[in-house]
Amino acid sequence: QVRLVQSGGGLVQPGGSLRLSCAASGTIFSIEGMGWYRQTPGKQREFVAFIASRGNTKIADSLRGRFTISSDNAKNTTYLQLDNLKSEDTATYFCNADGKVSPDERFHTWGQGTQVNVSS
């Protein structure tokens with residue numbers, strides 16, 4: 001059972017910054033990639049960012065320049081740096097991960113979510 005534990009959310013003023021983390025634990029043979037999504041009640045989950053184990057990254061067009069994704073492969077952890085936050089960024093942020101628990105068994109799992117509130 002692979003678990004993703006998230007931290008780093010909170011309340012910030014517009015223009016402020018947060019760094020979210022997502023750490024994978026359990027029996028992990030390999031992690032191929034980790035990503036971030038966000039969701040507001042009543043709206044569909046929105047793609048935010050992705051990073052592959054090789055280091056390739058992708059950021060949603062509307063967020064590029066303000067959000068940055070990174071990872072520490074040795075710690076099985078991904079980070080999402082949120083800068084110059086706007087009220088529209090208020091949402092629950094979820095991470096996910098894809099990989100293998102053994103050479104012949106894949107996994108895909110989600111974190112519990114962490115709340116980001118941007119308000120004056």
Side-chain angles (χ1 to χ4, degrees):
Q1 182 87 304
V2 178
R3 296 181 64 241
L4 302 182
V5 178
Q6 301 181 222
S7 63
L11 173 64
V12 296
Q13 296 187 83
S17 296
L18 286 172
R19 190 167 90 141
L20 310 182
S21 65
C22 173
S25 62
T27 301
I28 301 173
F29 181 76
S30 65
I31 293 178
E32 304 301 325
M34 303 183 79
W36 291 91
Y37 292 74
R38 66 185 186 183
Q39 188 167 28
T40 300
K43 297 182 179 180
Q44 291 187 308
R45 189 165 294 185
E46 174 189 16
F47 170 77
V48 173
F50 173 81
I51 184 166
S53 60
R54 294 178 177 177
N56 304 355
T57 62
K58 180 177 176 61
I59 305 291
D61 290 345
S62 63
L63 303 177
R64 192 172 298 118
R66 296 194 299 117
F67 290 8
T68 305
I69 188 170
S70 62
S71 65
D72 184 338
N73 290 344
K75 297 181 178 179
N76 290 329
T77 299
T78 184
Y79 305 94
L80 185 68
Q81 179 69 38
L82 297 75
D83 294 320
N84 192 25
L85 284 162
K86 305 175 180 179
S87 61
E88 305 87 77
D89 297 318
T90 295
T92 303
Y93 286 71
F94 297 88
C95 64
N96 67 1
D98 292 282
K100 295 181 177 180
V101 297
S102 69
D104 61 353
E105 185 176 359
R106 301 191 61 84
F107 75 86
H108 175 83
T109 192
W110 290 84
Q112 82 280 13
T114 187
Q115 184 66 33
V116 171
N117 289 313
V118 185
S119 177
S120 60

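Residue Phe94 is not grouped with residue Trp36 when hydrophobic side chains (ILVMFWY) are merged at heavy-atom distances under 4.5 angstrom, including chains of intermediate members.
The CG atom of Leu80 sits 11.5 Å away from atom CE of Met34, with the distance rounded to the nearest 0.5 Å. Annotation: the span from His108 atom NE2 to Asn96 atom CG amounts to 5.0 Å, rounded to 0.5 Å. Here the straight-line distance linking atom CG of Asn76 with atom OG of Ser25 works out to 9.0 Å at 0.5 Å rounding. Separation of atoms CD1 (Ile28) and CZ (Phe107) is listed at 5.5 Å; rounding is to 0.5 Å. Atom CG in Leu63 sits 5.0 Å away from atom CZ in Arg38 (nearest 0.5 Å). Taking CG of Leu20 as the start and OG of Ser7 as the end, the distance is 8.0 Å to the nearest 0.5 Å.
The heavy-atom pair separating Gly9 from Val116 by the smallest distance is CA-CG2, 4.4 Å. Counting all heavy atoms, side chain and backbone alike, Trp110 lies closest to Leu4 at C-CD1, 3.9 Å. Nearest heavy atom pair, residue Thr77 against residue Ser21, reads CG2-CB, 4.5 Å. Closest approach of Asp83 and Ser17 over heavy atoms only: OD1-OG, 2.9 Å. Minimum interatomic distance between Leu85 and Arg66 (heavy atoms only, all atoms of both residues): CA-NH1, 3.9 Å. Scanning all heavy atoms of the two residues, the minimum distance from Gln115 to Ala91 falls at NE2-O, 3.4 Å.
One finds a salt bridge joining Asp61 and Arg64 here, because a Lys/Arg side-chain nitrogen approaches an Asp/Glu carboxylate oxygen to under 4.0 Å.
Donor-acceptor pairing under 3.5 Å is lacking for the side chains of Thr90 and Asn117.
In this structure, Ile69 and Ile59 have side chains that are in contact, with non-hydrogen atoms separated by less than 4.5 Å. By the 4.5 Å heavy-atom criterion applied to side chains, Tyr79 and Asp72 are counted as neighbours. Taking the side chain as every heavy atom from C-beta outward, Leu11 and Ser119 approach each other to under 4.5 Å.
With sequence neighbours excluded, the residues satisfying side-chain contact (heavy atoms from CB on, under 4.5 Å) with Ser30 are Glu32, Lys100.
Checked by atom type and distance alone, the side chain of Thr78 pairs as donor or acceptor with a backbone atom of Ser70 at under 3.5 Å. Remark: the backbone N or O of Gly113 is paired with a side-chain donor or acceptor of Gln6 at under 3.5 angstrom.
Checked against Tyr37 for a ring pair (Phe, Tyr, Trp, His ring centres under 6.0 Å), the options Phe47, Tyr93, Phe50 give a single hit: Phe47.
Residue Arg45 qualifies as enclosed at atom CZ: its count of foreign heavy atoms under 6.0 Å is above 12.
Residue pairs meeting the disulfide bond (SG atoms under 2.5 Å apart) criterion with at least one member in residues 33-95, sequence neighbours excluded: Cys22-Cys95.
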